[in-house]
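Counting starts at 1 for both ligands and their atoms, following the listed order. What you see is a predicted model, and the numbers here were worked out from it, not measured in a lab.
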Amino acid sequence: MTDRYAVFGNPITHSKSPRIHAAFAEQTGQNLAYEARLAPLDGFAAAVAGFRDEGGRGANVTVPFKEQAYALSTSLSARARAAGAVNTLTFAADDVLGDNTDGVGLVNDLTGNLGLDLAGKRILLMGAGGAARGVMPPLLEQGPAELFIVNRTAAKAEELVALAYSQGVGATLAAGGYADVSGRFDLVINATAASLSGDLPPLPAGLFADGALAYDMMYGKDTPFLAFARREGARCADGLGMLVEQAAEAFFLWRGVRPATAPVIALLRAN
Ligand code: NDP
């Protein structure tokens with residue numbers, strides 16, 4: 001029997017997740033099929049329930065459904081609860097287990113593939129949607145000197161910080177709007193959807209410390225944020241490594257086998 005998995009999003013045609021999981025399955029000898037499914041904007045829960053009824057074993061969840069996936073999970077991992085967002089669902093007998101692998105995916109890319117040590121660093125995280133929520137707790141675990149969360153709608157960034165404080169973390173955490181961004185940062189992460197529409201959030205010049213890294217979670221094309229960062233002298237990385245690393249963590253949750261990520265990142269870059 002081939003076990004079935006899917007990724008749900010809207011839009012979804014751009015998704016590389018089916019190729020990544022196919023490569024992991026081939027590499028580890030796992031018998032599974034993984035497809036991309038478009039969920040209607042007002043029909044996410046029904047789409048997931050339908051896939052489960054067809055025999056689906058689990059699913060990934062992408063824009064804009066991660067908070068809805070959190071709501072429909074009947075049990076949550078600690079990191080999903082801390083994030084308030086879910087990107088990986090596992091279907092058990094009567095349960096839907098919700099987890100969030102975005103944060104560990106980003107941290108593994110930053111510290112493993114890109115060789116960063118985040119302890120004592122100043123980090124600026126742009127955005128307060130599902131992706132930002134997912135990466136906030138694992139970034140804090142790395143012991144940065146400061147994590148400043150900035151969002152177009154400042155109140156949403158402030159809510160995120162309040163959530164972290166209420167869970168007993170966040171001594172180095174602060175939030176605000178773009179007008180509140182000041183000083184120089186060692187790492188600036190774009191977790192907004194601005195790159196999808198070709199927009200650049202209103203960042204001040206002189207933002208990057210010497211040797212700083214600019215990280216755009218978007219992948220597959222150059223973005224206004226990375227172009228800005230390059231002009232400002234920062235090192236740049238896109239989100240392809242994060243994508244493969246979060247997928248590897250989901251694959252491990254579902255199959256109990258940890259695939260090697262470097263060959264899959266190389267394969268996607270070559271294409
Ligand atoms: P959401 O829709 O949940 O959140 C979008 C966020 O972007 C909000 O904070 C929103 O601000 C902000 N935003 C949207 N447009 C603009 C703009 N023009 N200027 C400034 N801010 C803007 O999306 P996600 O958090 O799920 O995803 C965000 C991005 O991260 C996407 O591009 C996604 O593809 C990418 N991603 C990549 C991953 C990877 O593995 N590489 C994993 C997860 C996500 P406001 O609150 O004011 O509306």
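By the criterion of a heavy-atom distance under 4.0 Å, both the backbone and the side chain of T153 are placed next to ligand 1. Only side-chain heavy atoms of D102 come within less than 4.0 Å of ligand 1; its backbone N, CA, C and O stay farther off. Heavy atoms of L243 found under 4.0 angstrom from ligand 1 belong to the backbone as well as the side chain.
Using a 4.0 Å cutoff on heavy atoms, A128 counts as a contact of ligand 1. The closest approach between a heavy atom of M218 and any atom of ligand 1 is not below 4.0 Å.
Summary of contacts: the protein heavy atom closest to atom 36 (N) of ligand 1 is M217 CB, 3.9 Å. In terms of protein heavy atoms, atom 10 (C) of ligand 1 is closest to N151 OD1, 3.9 Å. Nearest protein neighbour of atom 3 (O) of ligand 1, counting heavy atoms only, is G130 N, 3.0 Å. Counting protein heavy atoms only, atom 18 (N) of ligand 1 is closest to D199 OD2, 3.3 Å. Taking atom 14 (C) of ligand 1 as the reference point, the nearest protein heavy-atom neighbour is R152 NH2, 3.7 Å. From the protein, the heavy atom lying nearest to atom 2 (O) of ligand 1 is V63 CG1, 4.3 Å. The protein heavy atom nearest to atom 7 (O) of ligand 1 is A193 N, 2.9 Å. The single protein non-hydrogen atom nearest to atom 19 (N) of ligand 1 is A194 CB, 3.7 Å, given as residue, atom name and distance.
A salt bridge links R258 with E249: at least one charged nitrogen is closer than 4.0 Å to a carboxylate oxygen. The pair E54-R37 counts as a salt bridge, with a side-chain nitrogen and a carboxylate oxygen less than 4.0 angstrom apart. A salt bridge does not link R79 with E141: none of the charged nitrogens is closer than 4.0 Å to a carboxylate oxygen. A salt bridge links D210 to R184: one of the charged nitrogens lies within less than 4.0 Å of a carboxylate oxygen.
Close contacts between ligand 1 and G129 involve ligand atoms 3 (O), 4 (O), 9 (O), 25 (O) [criterion: under 4.0 Å to a heavy atom].
Checking only distances, A131 does come within under 3.5 Å of ligand 1, N or O to N or O. Polar contact check, L240 against ligand 1: no nitrogen or oxygen pair lies under 3.5 Å apart.
For the 3.5 Å distance criterion, the side chains of T74 and D95 qualify, holding a donor opposite an acceptor. In this structure, a donor-acceptor pair under 3.5 Å is present between the side chains of T223 and D216.
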Inset, instruction - Kindly indicate, with the supporting measurements, whether the criterion side-chain contact (heavy atoms from CB on, under 4.5 Å) is fulfilled by M126 and F225. - result: CA-CA 11 Å; M126 299 192 279; F225 168 63; 3.6 Å; yes
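Note on ring orientation: taking the six-membered ring where Trp is involved, the planes of F208 and F228 are tilted (angle from 30° to 60°). The aromatic rings of W254 and Y34 sit tilted relative to each other, their planes meeting at an angle between 30° and 60°.
Among K16, Q246, K66, the residue whose heavy atom lies nearest to atom 43 (C) of ligand 1 is K66. Evaluated by nearest non-hydrogen atom to atom 29 (C) of ligand 1, the leading choice among L160, T192, V244 is T192. Closest heavy-atom approach to atom 28 (C) of ligand 1 within the set A191, G103, G134: this belongs to A191.
No donor-acceptor pair closer than 3.5 Å links the side chain of N10 to the backbone N or O of L38.
Exactly one residue among N100, N87, D102 makes a side-chain hydrogen bond (donor to acceptor under 3.5 Å, both in side chains) with K66. That residue is D102.
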